[in-house]
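Only this structure's heavy atoms are used, side chains among them; waters, hydrogens and symmetry mates stay out. What you see is a predicted model; the values in this text were computed from it and never measured.
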Amino acid sequence: MSLFRSIRLSDRFRRWALSTGAAGALVAGMLTLGTQPSQAAGSQPCDLYASGGTACVAAHSTTRALYSGYNGRLYQVRRASDNTTRDIGVLSAGGYANAATQDSFCAGTSCVITVIYDQSGRGNNLTQAPPGGFNGPAAGGYDNLADATAAPVTVAGHKAYGFFVAPGTGYRDNHTSGIATGDQPEGMYAILDGTHYNGGCCFDYGNAETSGLDTGNGHMEAIYFGNNKVWGSGAGNGPWVMADLENGLFSGANPHLNTNDPTVNHRFLTAIVKGEPSHWAIRGGNAQAGGLSTYYNGGRPGVAGYNPMSKEGAIILGIGGDNSNGAAGTFYEGVMTSGYPSDATENAVQANITSVGYSSGVSGLAPGSRISLRATTACCTNDYLRHDDADTNVVISPVSSTSSATDKADATWVVRAGLANSACVSFESVNNTGRYLRHSAFQMHLDASDGSSTFAQDATFCPQAGNSGQGVAFPSVNYPEKYLRHYNFTAYIAGNGGSNAWDSANAWSDDTSWLVATPWA
């Protein structure tokens with residue numbers, strides 16, 4: 001352990017001992033974690049697809065059951081401390097993930113997701129992707145496994161975890177049952193985080209080559225989400241829901257630009273791709289409210305090899321068909337069907353999705369409101385996030401009713417709609433109008449906006465349930481694997497492990513969890 005780290009820990013212990021007696025008087029944070037019952041029989045997505053004559057042949061989710069009668073395993077985690085594994089199931093038949101099992105099993109260590117189980121009964125489970133046309137960064141050329149705690153979420157008021165794909169992460173099943181091959185019809189949907197994406201290839205979910213190699217045009221049919229412009233694109237700057245059909249990301253019949261395919265960045269996004277002989281479609285919508293829109297509905301792309309299709313029937317998640325693994329994204333649930341689903345069936349599935357209430361679980365962060373952010377780590381529960389008047393640095397320090405008016409104002413923030421994404425938030429100083437909390441070289445500063453897109457991204461955070469199980473966590477919109485953290489009483493954006501001192505895994509979950517408190521000024 002470094003001297004710097006030793007000083008930090010001893011200082012934390014001293015301050016914890018001094019502050020323990022006052023901890024009960026501190027203002028509580030605000031998290032809405034109510035509960036809702038499981039869905040009625042027959043109303044879950046795969047029940048609805050079956051009723052429409054297009055049964056699910058693969059059903060994957062780390063958050064909930066996709067059949068009303070499903071009472072089995074959702075996914076498996078492996079912890080670093082002893083390399084043992086634990087299956088994570090549902091709280092009840094047709095219900096939601098038992099996140100408490102994961103939290104207990106992974107307490108004091110880190111966990112990765114090793115399997116996402118197929119709920120359809122066909123055994124189409126997703127596991128660590130092997131090397132293909134591209135090697136992954138893990139041993140033997142395999143792709144990385146996903147951090148099991150990197151995407152906390154609430155669904156129907158229950159805590160759950162999404163599947164967080166950082167570049168280099170990928171899962172696959174090359175030996176499937178019932179998945180469409182050749183020109184057979186199929187459909188698929190996925191619920192994604194519309195604020196987590198990049199231009200890398202390729203954040204996909206769907207049908208791919210069984211060899212892990214690019215075997216030609218039309219050998220894939222998968223949902224793609226991101227803002228890659230190398231092949232096709234849609235309106236605006238992206239991200240877009242498109243189809244990865246191999247050797248092209250398609251937004252319509254034209255292999256390049258199709259302006260009917262809009263930029264979409266809902267915090268929770270429903271993405272749909274479906275295809276049948278000589279015909280396919282893209283649909284999408286807000287997974288929290290409203291219906292679906294059709295972005296494309298027509299003939300196959302006007303390029304050789306896509307009509308008829310030559311689908312091979314493997315399933316991928318987070319990667320391209322040839323194991324291209326430079327993409328980023330977050331997946332919550334998705335299915336693949338036998339047969340081409342009707343719009344009416346998909347509309348019923350969307351109604352189910354919106355009814356369960358996917359949410360970051362955070363309240364008290366309405367744009368225009370004033371807040372203070374209190375640390376939750378045992379050392380520092382009297383400390384609040386504040387700017388330092390001596391420079392532009394952002395720190396944590398004690399604030400109380402006897403503090404000066406300046407100290408109270410320095411620890412108070414005005415919540416703004418995210419400068420880079422209105423679904424997220426930015427924080428403006430209450431006593432330095434026009435100056436925002438932003439990261440630069442991973443350290444937090446208070447700076448005036450220069451109007452650039454870089455500044456907007458550096459100053460935007462997408463709140464979610466706290467990594468420690470309490471409070472709120474704030475991942476950066478442009479570094480979604482890094483969270484607002486205090487370390488040695490200075491604020492950073494930090495990953496859970498890394499080469500920088502502030503990326504230390506020790507106390508990371510606590511240091512990145514904040515309570516939204518009554519404003520001091």
Problem set entry | Test side-chain contact (heavy atoms from CB on, under 4.5 Å) applied to Thr85 and Val77, step by step | CA-CA 5 Å; Thr85 61; Val77 296; over 6 Å; no
Roughly how far, to the nearest 0.5 Å, is the [atom2] atom of [Y] from the [atom1] atom of [X]?
{"X": "Tyr224", "Y": "Tyr197", "atom1": "OH", "atom2": "OH", "result": "10.0 Å"}
{"X": "Ser426", "Y": "Phe455", "atom1": "OG", "atom2": "CZ", "result": "8.0 Å"}
{"X": "Glu333", "Y": "Thr62", "atom1": "CD", "atom2": "OG1", "result": "9.0 Å"}
{"X": "Ser404", "Y": "Asp410", "atom1": "OG", "atom2": "CG", "result": "7.5 Å"}
{"X": "His387", "Y": "Trp413", "atom1": "NE2", "atom2": "CH2", "result": "5.5 Å"}
{"X": "Ser324", "Y": "Asp143", "atom1": "OG", "atom2": "CG", "result": "9.5 Å"}

For this session: State whether Asp193 and Arg267 are salt-bridged, where the test is any N-O pair (Lys NZ or Arg NE/NH1/NH2 against Asp/Glu carboxylate O) under 4.0 Å.
Result: yes
Exercise. Taking it one step at a time, do Trp502 and Tyr492 satisfy ring-ring contact (aromatic ring centres under 6.0 Å, His included)?
Worked result: CA-CA 7 Å; Trp502 55 84; Tyr492 300 89; 4.5 Å; yes
Side-chain contact test, heavy atoms from C-beta onward, threshold under 4.5 Å: evaluate it for [X] versus [Y] and give yes or no.
{"X": "Leu66", "Y": "Gln44", "value": "no"}
{"X": "Val399", "Y": "Ser372", "value": "no"}
{"X": "Leu317", "Y": "Asp204", "value": "no"}
{"X": "Val264", "Y": "Tyr295", "value": "yes"}
{"X": "Ile272", "Y": "Val349", "value": "no"}
{"X": "Thr63", "Y": "Tyr332", "value": "yes"}
{"X": "Tyr96", "Y": "Val356", "value": "yes"}
{"X": "Asp383", "Y": "His486", "value": "no"}

Test item: [X] side-chain N/O and [Y] main-chain N/O as donor-acceptor pair under 3.5 Å:
{"X": "Asn382", "Y": "Pro398", "answer": "no"}
{"X": "Glu428", "Y": "Thr433", "answer": "no"}
{"X": "Lys408", "Y": "Ser401", "answer": "yes"}
{"X": "Gln102", "Y": "Ala148", "answer": "yes"}
{"X": "Arg79", "Y": "Phe105", "answer": "yes"}

For this session: In sequence, state the C-alpha distance, the side-chain angles, and the governing distance for Phe203 and His196, and then conclude on ring-ring contact (aromatic ring centres under 6.0 Å, His included).
Result: CA-CA 10 Å; Phe203 183 68; His196 182 202; 7.5 Å; no
Problem set entry | Set of disulfide bond (SG atoms under 2.5 Å apart) partners for Cys202, sequence neighbours left out | none
For this session: If a pair satisfies salt bridge (Lys or Arg N to Asp or Glu O under 4.0 Å) and one of its residues is in residues 96-108, list it, with sequence neighbours excluded.
Result: Asp103-Lys159
Problem set entry | salt bridge (Lys or Arg N to Asp or Glu O under 4.0 Å) pairs, two or more places apart, involving residues 434-443 | Arg438-Asp447, Arg438-Asp458
We want to know whether [X] and [Y] form a side-chain donor-acceptor pair, criterion being a heavy-atom distance below 3.5 angstrom.
{"X": "Asp82", "Y": "Thr84", "result": "yes"}
{"X": "Ser440", "Y": "His445", "result": "no"}
{"X": "Tyr117", "Y": "Asp87", "result": "yes"}
{"X": "Thr114", "Y": "Gln76", "result": "yes"}
{"X": "Asn237", "Y": "Asn227", "result": "no"}
{"X": "Gln350", "Y": "Tyr189", "result": "no"}
{"X": "Thr402", "Y": "Ser400", "result": "yes"}
{"X": "Tyr479", "Y": "His439", "result": "no"}
{"X": "Ser452", "Y": "Asp450", "result": "yes"}
{"X": "Ser43", "Y": "Asn352", "result": "no"}

Sequence neighbours left out, what passes side-chain contact (heavy atoms from CB on, under 4.5 Å) with [X]? Give chain and number order.
{"X": "Ala420", "value": "Ala456, Gln457, Thr460, Val477"}
{"X": "Ala80", "value": "Thr109, Ser110"}
{"X": "Ala65", "value": "Tyr70, Val90, Gln119"}
{"X": "Asp391", "value": "Asp388, Asn393"}

For this session: Could you tell me how the ring of Tyr483 sits relative to the ring of Trp508: parallel (under 30°), tilted (30 to 60°) or perpendicular (over 60°)?
Result: perpendicular
For this session: Could you walk me through whether Tyr75 and Phe163 pass ring-ring contact (aromatic ring centres under 6.0 Å, His included), step by step?
Result: CA-CA 10 Å; Tyr75 61 103; Phe163 175 83; 9.5 Å; no
For this session: Run the numbers on Ile191 and Thr270 for side-chain contact (heavy atoms from CB on, under 4.5 Å), then give the verdict.
Result: CA-CA 5 Å; Ile191 305 304; Thr270 305; 3.4 Å; yes
Problem set entry | Any pair counted as disulfide (SG to SG under 2.5 Å), so long as it reaches residues 78-109, sequence neighbours left out | Cys106-Cys111
Problem set entry | Pair listing, disulfide (SG to SG under 2.5 Å) test, anchored in residues 441-515, at least two apart | Cys424-Cys462
Problem set entry | Criterion side-chain contact (heavy atoms from CB on, under 4.5 Å) on Val165 and Phe331, from CA distance to verdict | CA-CA 8 Å; Val165 174; Phe331 171 94; 5.9 Å; no
Problem set entry | Results of side-chain hydrogen bond (donor to acceptor under 3.5 Å, both in side chains) for Asn98 - residues two or more places apart only | Thr101
Exercise. Do you know which of Asn467, Thr376, Thr377 makes side chain to side chain donor-acceptor pair (under 3.5 Å) with Thr512?
Worked result: Asn467
Exercise. For Tyr161 and Ile88, what are the C-alpha separation, side-chain angles and deciding distance, and is it a side-chain contact (heavy atoms from CB on, under 4.5 Å)?
Worked result: CA-CA 11 Å; Tyr161 291 97; Ile88 308 301; over 6 Å; no
Exercise. Mind checking what makes ring pair (Phe, Tyr, Trp, His ring centres under 6.0 Å) contact with Phe427, not counting sequence neighbours?
Worked result: Phe474
Problem set entry | Set of salt bridge (charged side-chain N to carboxylate O under 4.0 Å, His left out) partners for Asp407, sequence neighbours left out | Arg386
